[in-house]
Amino acid sequence: MNFSEVFKLSNQLCKFSPNGKYLASCVQYRLVIRDVSTLQILQLYTCLDQIQHAEWSADSMFILCAMYKRGIVQVWSLEQPDWHCKIDEGSAGLVSSCWSPDGRHILNTTEFHLRITLWSLSAKSVSYIKYPKACQKGIAFTSDGRHMALAERRDCKDYISIFVCNDWRLLRHFETDTQDLTGIDWAPNGCVLAAWDTCLEYKVLLYSLDGRLLSTYSAYEWSLGIKSLTWSPSSQFLAVGSYDEKVRILNHVTWKPIKELVHPVVVSSPKTVAYREVDKSQSVEPSQLTFPPPRGTPSSLFTVHSKYELVDVPVTLRTVKPDTDRANPELGIGMLAFSPDNRYLATKNDNMPCCVWIWDIQKMRLSVVLEQTSPVRSFHWDPVQPRLAICTGNSKVYLWSPTGCVSVQVPVEGTFNVLSLAWHPLGEDSLLLTSKDHFCICYLETSEDH
C-alpha cells in the first residue's frame with residue numbers, strides 16, 4: 001500500500017472526475033485540475049471568490065464552482081481552457097447548484113427555495129421551476145439520465161413533479177400523502193421512485209414512472225420513524241433504516257419487509273465474525289477507553305499503531321445514551337450502503353457510533369461487526385468489488401473485505417486526520433483521503449486485501 005504526497009485543500013472540496021482521469025481540488029478561490037495517474041497539474045482556474053461547492057459534469061468535460069455567498073456559479077471547460085461561463089443569480093441568491101445528467105444544463109436553487117433556475121449552456125437559455133421543496137433530498141435523477149423527480153411544496157401540501165430531461169417537459173405532477181415529505185430517490189433501474197415522510201412519521205411511498213402509487217409501507221406509529229434509506233444496485237431491495245435501531249429490507253414484488261436487521265448491544269451468533277481495533281503499543285480494555293473522546297484531544301494520542309483482533313462471541317458493544325430531548329438524537333440507523341455486487345449491506349447505528357455492521361444479503365444475517373476505537377465518520381464500498389473503506393477522523397484508514405480487515409496509518413509528517421474518503425470511480429485500487437486542509441491518494445495493492 002502506497003501513499004502520494006499531501007496537497008493543500010479548502011472546504012474538503014476534492015473530487016475524482018466521473019471518467020476517472022482527473023482530480024479536481026479547491027484551494028480558497030482557485031480550482032486545480034490534476035491528472036489522476038501522475039497528479040501533475042493540468043489546469044489552474046481562478047474564481048471570483050472562495051469556492052463553496054464544486055461538481056463535475058457527467059461526461060467529465062465541465063466543472064462548476066458555486067460561490068453561494070455571492071450568488072454566483074462559474075463553469076470551466078477542460079477541453080477549451082479559455083472558455084468559461086458565469087451565472088449570477090443576483091438578488092434571488094443561491095443555496096445549491098447541480099448538473100443535469102446531460103452535462104449541459106445547471107439547476108440553481110434560489111434562497112428560501114423560491115424557485116429552481118434552469119440554465120442551458122448550449123442554448124444559452126434560462127427557464128424556471130417554481131415551488132421546489134427545502135428538504136433532505138428534493139431532486140432525483142434516474143441513473144439513465146432521462147427523468148428528473150422534484151419534490152414541491154405549495155398550499156401547505158407536498159407534490160412530486162416528474163420531468164423529461166431532454167426537453168424539460170412536465171411528464172407527471174401528483175400530490176403525495178405525506179405530512180412533510182423529506183426525500184425522494186429513484187431505484188437504479190429508473191422504474192420506481194421512493195418517497196419518505198418526516199422522521200415524525202414512519203412512511204415510505206413507492207411510485208411508478210407515470211405517477212401511480214404502487215405501495216405504501218409503515219412499520220409503526222407514534223414514534224420517530226425513518227432516518228436513512230437506500231436501494232440495492234439491482235433494484236430488488238429497498239433498505240430502510242429507522243430510529244428504532246432496525247433496518248427493514250423491502251422486496252420489489254410486494255414492497256413488504258422480508259427481513260428486519262436488528263442491531264443488538266450483545267452480538268451472540270456464532271456465525272458472526274467480530275473484529276475489535278486495539279492499540280499495538282498498549283493493551284487497553286474496552287472499559288478503560290474514554291468515550292466519547294474529549295474535545296481538543298492532542299493528535300499525538302492517535303499516532304499509536306493499531307490493528308484488529310478477532311473477538312470471541314458473545315461480544316458486548318459500546319453504546320452511548322442519546323439525548324432524546326434534543327432534535328436529531330444520536331440514535332438509530334444513520335448510514336446504509338450496499339456493496340456493488342448486492343452481496344453485502346454495511347450499516348451504522350448512531351448510538352453505537354464506533355461500530356460498522358456488515359450483513360450478508362444472500363443469507364439475510366449479520367456477517368461481520370467491526371468495533372473501532374473512535375466514532376465512525378464515513379464508509380464507502382469499492383465500486384467494483386466487495387471491499388469497504390472506513391474512516392474515523394484519526395490518521396488511519398481501515399479496509400474490510402471478505403478475506404479480512406486491516407488498519408493502515410497514513411504516513412505523513414504532522415497530522416492528517418482522515419475526515420472523508422472516496423474510491424476511484426472505476427475502482428482502480430486507489431482511495432482519495434481528505435483531512436481538514438489537505439488530501440492525498442492511497443494506492444492499494446490487490447495482494448494486500450487481507
Side-chain angles (χ1 to χ4, degrees), residues 7-90 92-110 116-129 139 141 143-146 148 163 165-168 422-426 428 430 432 434 439 441:
F7 300 96
K8 275 194 168 182
L9 190 64
S10 299
N11 293 334
Q12 294 181 51
L13 290 176
C14 192
K15 293 181 180 177
F16 285 115
S17 62
N19 65 7
K21 292 181 180 178
Y22 310 111
L23 182 66
S25 59
C26 300
V27 184
Q28 300 296 331
Y29 52 87
R30 285 198 175 90
L31 172 68
V32 184
I33 309 294
R34 297 176 192 273
D35 182 300
V36 160
S37 54
T38 65
L39 295 180
Q40 295 296 309
I41 295 177
L42 299 176
Q43 298 291 345
L44 192 62
Y45 303 107
T46 303
C47 292
L48 294 168
D49 204 339
Q50 184 160 341
I51 303 164
Q52 292 174 272
H53 171 68
E55 186 177 318
W56 287 97
S57 62
D59 59 7
S60 304
M61 289 173 66
F62 296 93
I63 186 164
L64 70 78
C65 299
M67 289 137 275
Y68 296 138
K69 286 185 288 188
R70 291 180 60 158
I72 291 173
V73 173
Q74 287 184 272
V75 187
W76 308 96
S77 165
L78 259 69
E79 286 193 340
Q80 300 169 273
D82 296 333
W83 179 96
H84 65 93
C85 160
K86 178 182 142 193
I87 297 169
D88 192 341
E89 291 291 349
L94 183 66
V95 293
S96 71
S97 183
C98 69
W99 286 102
S100 68
D102 67 356
R104 298 299 176 268
H105 294 81
I106 291 172
L107 290 86
N108 284 345
T109 305
T110 62
I116 288 177
T117 316
L118 183 66
W119 300 86
S120 169
L121 298 187
S122 48
K124 295 182 181 175
S125 61
V126 60
S127 50
Y128 302 98
I129 303 171
I139 298 177
F141 294 99
S143 53
D144 62 9
R146 291 183 182 178
M148 178 185 85
F163 295 87
C165 289
N166 61 2
D167 58 4
W168 300 103
W423 289 95
H424 186 280
L426 306 181
E428 294 185 356
S430 58
L432 170 64
T434 58
F439 76 90
I441 306 282

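- Between the CH2 atom of W76 and the CD1 atom of I63 there is a distance of 11.0 Å, given to the nearest 0.5 Å.
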Carefully, step by step, assess I441 and L432 under the rule side-chain contact (heavy atoms from CB on, under 4.5 Å).
-> CA-CA 5 Å; I441 306 282; L432 170 64; 3.8 Å; yes
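- At least one donor-acceptor pair closer than 3.5 Å links the side chain of W56 to the backbone N or O of K15.
- Residues P18 and P425 fail the side-chain proximity criterion, which asks for heavy atoms closer than 4.5 Å.
- In this structure, S57 contributes its side chain and F62 its backbone to a donor-acceptor pair below 3.5 Å.
- Around atom NZ of K21, no more than 12 heavy atoms belonging to other residues, nucleotides or ligands sit under 6.0 Å away.
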Evaluation steps, side-chain contact (heavy atoms from CB on, under 4.5 Å), between Y68 and V95 | CA-CA 6 Å; Y68 296 138; V95 293; 5.8 Å; no
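- A side-chain contact (heavy atoms from CB on, under 4.5 Å) with I51 is found for exactly one of S25, S10, C26, namely C26.
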Between Y22 and D35, is a side-chain contact (heavy atoms from CB on, under 4.5 Å) present by the stated rule, with each step listed?
-> CA-CA 5 Å; Y22 310 111; D35 182 300; 5.7 Å; no
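- Minimum interatomic distance between D102 and D59 (heavy atoms only, all atoms of both residues): O-OD2, 4.5 Å.
- More than 12 heavy atoms of other residues, nucleotides or ligands shown are found within 6.0 angstrom of CZ on F7.
- Considering CE of M67 and OG of S97, their distance stands at 9.5 Å, rounded to 0.5 Å.
- Atoms SG and NE2, on C165 and H105 in that order, are 9.5 Å from each other to the nearest 0.5 Å.
- From M148, atom CE reaches atom CD1 of I129 across 4.0 Å, with rounding to the nearest 0.5 Å.
- Rounding to the nearest 0.5 Å gives a distance of 4.5 Å between OG of S430 and CZ of F16.
- Remark: the backbone N or O of E55 is paired with a side-chain donor or acceptor of W99 at under 3.5 angstrom.
- Put simply, the side chain of S77 never gets that close to the backbone of W83: no donor and acceptor are under 3.5 Å apart.
- Remark: R104 CZ is packed, more than 12 non-hydrogen atoms of other residues, nucleotides or ligands lying under 6.0 Å away.
- Looking at heavy atoms from C-beta onward, Y29 lies in side-chain contact with T46 at the 4.5 angstrom threshold.
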Could you give me the CA-CA distance, side-chain angles and deciding distance for H53 and V73, then say whether side-chain contact (heavy atoms from CB on, under 4.5 Å) is met?
-> CA-CA 9 Å; H53 171 68; V73 173; over 6 Å; no
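- Counting only distance, with no hydrogens or angles, the side chain of E89 and the backbone of T110 share no donor-acceptor pair below 3.5 Å.
- The distance from atom OG1 of T38 to atom CG of L23, rounded to the nearest 0.5 Å, is 10.5 Å.
- For the pair D144 (side chain) and R146 (backbone), a donor-acceptor distance under 3.5 Å is present.
- Proximity of L64 to I87: side-chain heavy atoms (C-beta onward) are nowhere separated by under 4.5 Å.
- The backbone N or O of H84 sits nowhere less than 3.5 Å from a side-chain atom of Q74 that would complete a donor-acceptor pair.
- Residue H424 comes nearest to G20 through the heavy atom pair NE2-O, 2.9 Å, listed as atom of the first residue, atom of the second, then distance.
- Put simply, the side chain of L118 does not reach to within 4.5 Å of the side chain of Y128, judged on heavy atoms.
- At least one donor-acceptor pair closer than 3.5 Å links the side chain of Q52 to the backbone N or O of K69.
- When every heavy atom of L121 is checked against every heavy atom of C85, the shortest pair comes out as CD2-SG, 3.8 Å.
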